[in-house]
Amino acid sequence: MKQKLLVVDDEENLREFYRLELEEEGYSVDTAANAGDVLNKLDAGRYDAIILDIQMPGMPGIDLLQRIVTRDRQQPVILNTSYASYQENFLAWQADAYVVKSSDTGELKQAIRKVLTGQI
Amino acid sequence: MNPASANVLTMIMAGGRGERLYPLTRDVAKPAVTIAGCYRIIDFTLSNCFNSGMRQVYLLTQYSNVTMNRHMRLAWEPIFRVEQDEFIESLPPQHRSGEDWYHGTADSLYQNINVLQRHRPGNVLVLSGDHVYRMNYVGMIDFHVGNGAELTIAAVKIERARACEFGVMGTDPDGRVRDFVEKPENPPACPGNPEMSLCSMGVYVFSTTKLVRELIRDAKDRHSSHDFGKNIIPSLIERGDRVFAYPFRDENTGSSGYWRDIGTIDSYFACNFDLAAPQPAIDIYDRRWPIRTCVHPYPPARIVGTPGGSTRRGEAVDSLISPGCAISGARVELSVLSPEVRIHSGADVSQCVLMEGVEVGHGVALRKTIVCPGVRIPDGKRIGMDNRADRARYTVTRGGVTAVPSEYAW
């Protein structure tokens, strides 16, 4: 069975870009545009990993991360952010990995593989 | 204060229910139980903090109660100076991490990572609210920083027979901890001293970043019991992190310092007498290291003969007698009396701990007994003379201490 990912980003173009890139890798990819959407989807079931944009309108990604781990401390999350903003906030460390947001998805794909295989 | 000590946030774990201390904890949280007459157990740790200059203090509380809150408000909050960024504040579970209460010592800190984020201290001093000892934490923090340690554990030598109640460590000659086992059945001995084991006092200095990473890693582990002794410390050692043992010594004598974990009624009882002894384990009269508390403005304690001209003397020997007490024509020895205890004529009290407002009737005989706040012992009662008979009526410990609960129905 395909592993399920949830890509969270407020920009529709990016959501689609990530969805296509990651489906090519053989994952089943769901997307969400905002915090409410994410929490509704989590009500319906668990994901093998969530890729979370840290800058989102409404609820900042860090707060959403907190809500996600509050529901399920074992839920793997990968933050799409800069090193500096990841490093300076202890709450961000609750994510399993971070990647620098980029059009080159190599780093993201590698992080997903590591998280899914328990190497992180 | 040196820079290393200035950049320290103190977190005191004060959330235990204290079930093994029942009936002493029937109405108050364990750290708020009265000890040595007019102190609360937590006054010792808080005095250490205050006297060491650790004045950014959070109390991780769980079972909030009126007595504890009032004590913090009256005794401690006024002496921390807000204008100098000093504070002492309680942190009950904020349910930021779910609807859970605190599950284990490590979890209580994990649920407050946002607090660590807000302060971003260089190091975190983690203490327990139910230990009695006198310690200047600055020496330990300097030791921690000087060793480049990620975790430093204050260590005390304890007889092997008792060490099974604690976390026991094995160290290199330089103090680096190589083994740590929580409550071992067969505690390993100290090198060169087969009678003693090196035990953790539950006093830790963590580098903040290492602490946060470990708390998060531990929180994700569904098999963990989220406990410093059982999970966090063994995991750090296993992964080769720099963990050191800080030898706890008395500030004045240089010998191994006095430290007591108030985990049971027997340890509570013993600790009272350690403090009341003619040569006390901790000198509570030492003005260089005052143990602070808040005592209401009671009148002085008084000890008098029986009113009406009888020849029966009132006397108290080798005892701590708090303000507001009255001993009338009765004998008290080797005992600890909290404020407003009344002892009537003909009573004979020996090796007892009498808490606030206890009244001992005429002709009562008490031996090796703890009486909880407000109890009025009827005239002529005899308690502590016959453990078998007492077991039917009161709590009697393995060590033979009888405890009479508050609101006892005679």
Asker: How about B/Glu238: does its CD atom have over 12 heavy atoms from other parts shown lying under 6.0 Å from it?
Answerer: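 Counting other residues, nucleotides and ligands, CD of B/Glu238 stays at 12 neighbours or fewer.
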Asker: Closer than 3.5 angstrom, by distance alone: can the side chain of B/Lys220 be matched with the main-chain N or O of A/Pro76 as a donor-acceptor pair?
Answerer: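 Pair absent, no side-chain N/O of B/Lys220 close to backbone of A/Pro76.
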Asker: Are more than 12 heavy atoms, taken from residues, nucleotides or ligands other than A/Gln87, located less than 6.0 Å from that residue's CD atom?
Answerer: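 Result for CD/A/Gln87: enclosed.
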Asker: Looking at A/Glu88 and B/Gln117, what are the two nearest heavy atoms and their distance?
Answerer: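 Closest heavy-atom pair between A/Glu88 and B/Gln117: O-NE2, 3.0 Å.
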Asker: From B/Ile216 CD1 over to A/Arg73 CZ, what is the distance, rounded to the nearest 0.5 angstrom?
Answerer: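 Reported to 0.5 Å precision, the distance equals 11.0 Å.
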Asker: Does CZ belonging to B/Arg217 count more than 12 external heavy atoms closer than 6.0 Å?
Answerer: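 Atom CZ in B/Arg217 is crowded, with more than 12 foreign heavy atoms closer than 6.0 Å.
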Asker: Got a sec: does the CZ of B/Arg178 have more than 12 other heavy atoms crowding it under 6.0 Å?
Answerer: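 Enclosed.
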Asker: Nearest 0.5 Å, what's the CD-OG1 distance between B/Gln111 and A/Thr70?
Answerer: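 One finds 9.0 Å between CD of B/Gln111 and OG1 of A/Thr70.
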Asker: If every non-hydrogen atom of B/Ile113 is compared with every non-hydrogen atom of A/Leu91, which pair is closest and at what distance?
Answerer: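 Looking at all heavy atoms of both residues, the closest pair is CG2-CD2, 3.9 Å.
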Asker: Run the salt bridge (charged side-chain N to carboxylate O under 4.0 Å, His left out) test against A/Asp104 and tell me which residues pass, sequence neighbours left out.
Answerer: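 So A/Asp104 forms no salt bridge (charged side-chain N to carboxylate O under 4.0 Å, His left out) with any residue.
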Asker: Check whether A/Phe90 forms a cation-pi arrangement with B/Arg120 (NZ or CZ under 6.0 Å from the six-membered ring centre, at most 45° off the ring normal).
Answerer: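 B/Arg120 over A/Phe90 ring: yes.
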